[in-house]
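What follows is a single structure, written as C-alpha cells, with notes after it.
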Amino acid sequence: MCVAQNEGVEEQSPKTSLQRGLAILRAVAGHGADGARLSDIARDLGMTPPTTHRLLKVLVADRMVDYDGTSKRYRLGLDLFVMAAQAGACGSLRDISRPILLRLSATLRDTVFLLVRSGFDAVCLDRADGPFPISSFTGDVGGRVMLGVGQGSLAILSHLPEEEQQEVIRFNLPRMQGMGLLDEVYLHTAIARTRRQGFANQPSGMLPGVSGVGVPIFDHQGRAVAALSIGTLTERLTEERLGVVVSILQREAASISRQINPFDKALTRPATTFGSQAPQ
C-alpha cells in the first residue's frame, strides 16, 4: 500500500514524468525499426505496465511515438524526427563530413572519399585529395559507381538488409559484365568478408597499384546510407597500417552517423546536391 502511494506521488511530479517520458523514448529507439511492445518497454525500464501505458498514450497523442494497432508495437514518431531535423546542429551530410575529410586526408596523407547510396549505385558526395595521385572508380565529386564496385560502395552494399542486398546484386550483375573479377562469386565472397571484419578492402585488380579501405556510415535507424573510404598506393597499405587506418575511419564514420539529419536530401536524392550537371 505504501509503495503504491509513493508511486502515485512520484508520478505526479512533472520532473519525474518528463524523465520517464524521455526514458520511454530511448527504450523505443533501442528496439529499432521493429518497434517495441508495451511489455518490452515496461520490462526494459522496470516500470509497471499501467504506468508505461499511461505515458505512452501521452507520447502517442503528441505524435512523438507511433502505435501500430495490428502488431501492437510502438515506434518513434515522425514529429520527433522533424524536431531533430530542425535542430541547429543538423547540417547536411556534406557539410558535416567536409572537415572530417580534410582532417583525414591531412592525417593519413591519402585521398578520402564520402560516398552516399543512390538506388543501385553510390555517388561521390565529396573527396579530399592526398599528395599521391590515384585513380578511382567514381572520379570527381558527383561521379557514380555501381554498388559493389570499389571499397566504399562495397561497404554500403555489405551492410544492407539481406533481401535488399540480393536485389542490388541481381540488378548490378548484368551491368558488371566485362569488369574482370567482378562476378557473383566475387560479390558474395567480398560481402561475407566485409560483414565479418566490419570494413571493405577486397582487391578487384581493376585499378593496378591502387588499394583502398571503406567503412559504412549508418543513419539513426541503423541503415547503411553512406561510406567513408580511402584510395592509396598499394605499397602504402601494409598489413600493419591497415588496422590503424580502419580504426581511424570507423571512429570518424561513427561521428558522422551521430550527426546525420534524417531529412538531408543527399540521403534521398543525392543527384540534386550537385545541381543539374550531376551524372544521372
Side-chain angles (χ1 to χ4, degrees), residues 7 10-11 13-91 93 96-97 100 116-117 155-165 194-199 215-228 246-247 249-264 266-268:
E7 184 180 12
E10 188 180 14
E11 286 173 8
S13 166
K15 179 179 179 181
T16 303
S17 296
L18 176 59
Q19 288 175 331
R20 289 185 173 188
L22 293 173
I24 286 176
L25 289 175
R26 293 190 180 99
V28 172
H31 286 267
D34 291 337
R37 295 181 183 273
L38 171 62
S39 58
D40 298 329
I41 302 169
R43 184 184 63 250
D44 290 349
L45 300 177
M47 293 165 50
T48 63
T51 298
T52 308
H53 184 250
R54 184 161 56 252
L55 291 169
L56 279 167
K57 284 179 65 177
V58 175
L59 292 170
V60 170
D62 285 337
R63 297 189 295 186
M64 296 294 105
V65 170
D66 290 334
Y67 177 65
D68 185 335
T70 302
S71 66
K72 300 188 182 304
R73 291 180 180 272
Y74 295 88
R75 298 176 178 84
L76 294 183
L78 181 61
D79 277 21
L80 189 64
F81 289 106
V82 171
M83 290 174 62
Q86 292 172 340
C90 288
L93 178 60
I96 292 168
S97 304
I100 291 176
V116 63
R117 185 186 176 187
I156 297 173
L157 175 62
S158 300
H159 290 84
L160 295 180
E162 178 70 21
E163 185 176 340
E164 195 172 348
Q165 192 180 94
T194 301
R195 286 296 292 260
R196 184 172 63 251
Q197 61 189 15
F199 61 91
V215 301
I217 296 173
F218 301 98
D219 66 8
H220 294 290
Q221 294 183 308
R223 298 175 301 189
V225 294
L228 272 180
V246 168
S247 177
L249 288 178
Q250 289 177 331
R251 183 187 67 214
E252 297 292 5
S255 173
I256 294 171
S257 292
R258 290 191 294 268
Q259 302 177 68
I260 281 180
N261 178 346
F263 297 98
D264 185 353
L267 300 178
T268 54

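- In this structure the side chain of Arg117 never reaches within 4.5 angstrom of the side chain of Val225, judged on heavy atoms.
- The nearest pair of heavy atoms linking Ile156 to Ala226 is CG1-O, 3.5 Å.
- The shortest distance between side-chain heavy atoms of Leu25 and Leu76 falls below 4.5 Å.
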Which donor-acceptor pairs under 3.5 Å do side chains of residues 55-65 form with protein atoms, sequence neighbours excluded?
unit_1 : atom_1 : unit_2 : atom_2 : d
Arg63  : NE     : Asp79  : OD2    : 3.2

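- Residues satisfying the salt bridge (charged side-chain N to carboxylate O under 4.0 Å, His left out) criterion with Arg223, sequence neighbours excluded, are Asp219.
- Residues satisfying the salt bridge (charged side-chain N to carboxylate O under 4.0 Å, His left out) criterion with Arg26, sequence neighbours excluded, are absent altogether.
- Across Phe218 and Ser257, no two heavy atoms sit closer than the pair O-OG, 2.9 Å.
- Minimum interatomic distance between Thr70 and Asp68 (heavy atoms only, all atoms of both residues): N-OD1, 2.9 Å.
- Taking both residues in full, the closest heavy atoms of Gly198 and Pro216 are given as O-CD, 3.9 Å, listed atom of the first, atom of the second, then distance.
- With sequence neighbours left out, the salt bridge (charged side-chain N to carboxylate O under 4.0 Å, His left out) criterion links Asp40 to Arg43.
- In this structure, Ile260 and Ile217 have side chains that are in contact, with non-hydrogen atoms separated by less than 4.5 Å.
- How far CE of Met47 is from CG of Asp44: 11.0 Å, rounded to the nearest 0.5 Å.
- Proximity of Arg20 to Thr51: side-chain heavy atoms (C-beta onward) are separated by under 4.5 Å at one or more points.
- Taking CZ of Arg37 as the start and CZ of Arg73 as the end, the distance is 4.5 Å to the nearest 0.5 Å.
- Atom CD of Glu252 and atom OG of Ser247 lie 10.0 Å apart (nearest 0.5 Å).
- For Ile41 against Ala27, the heavy-atom pair with the smallest separation is CG2-CB, 4.2 Å.
- Checked against side chain to side chain contact (heavy atoms under 4.5 Å, CB included), Glu162 has the following partners two or more places apart in sequence or in another chain: Gln165, Gln166.
- Within the model, atoms CZ of Arg251 and CG of Leu228 stand 11.5 Å from one another, a figure rounded to the nearest 0.5 Å.
- A ring pair (Phe, Tyr, Trp, His ring centres under 6.0 Å) check over residues 30-73, counting only residues at least two apart or in different chains, returns the pairs Tyr67-Tyr74.
- At least one side-chain heavy atom of Leu160 sits under 4.5 Å from a side-chain heavy atom of Leu157.
- Here the OG1-NE2 distance, from Thr194 to His159, works out to 7.5 Å after rounding to the nearest 0.5 Å.
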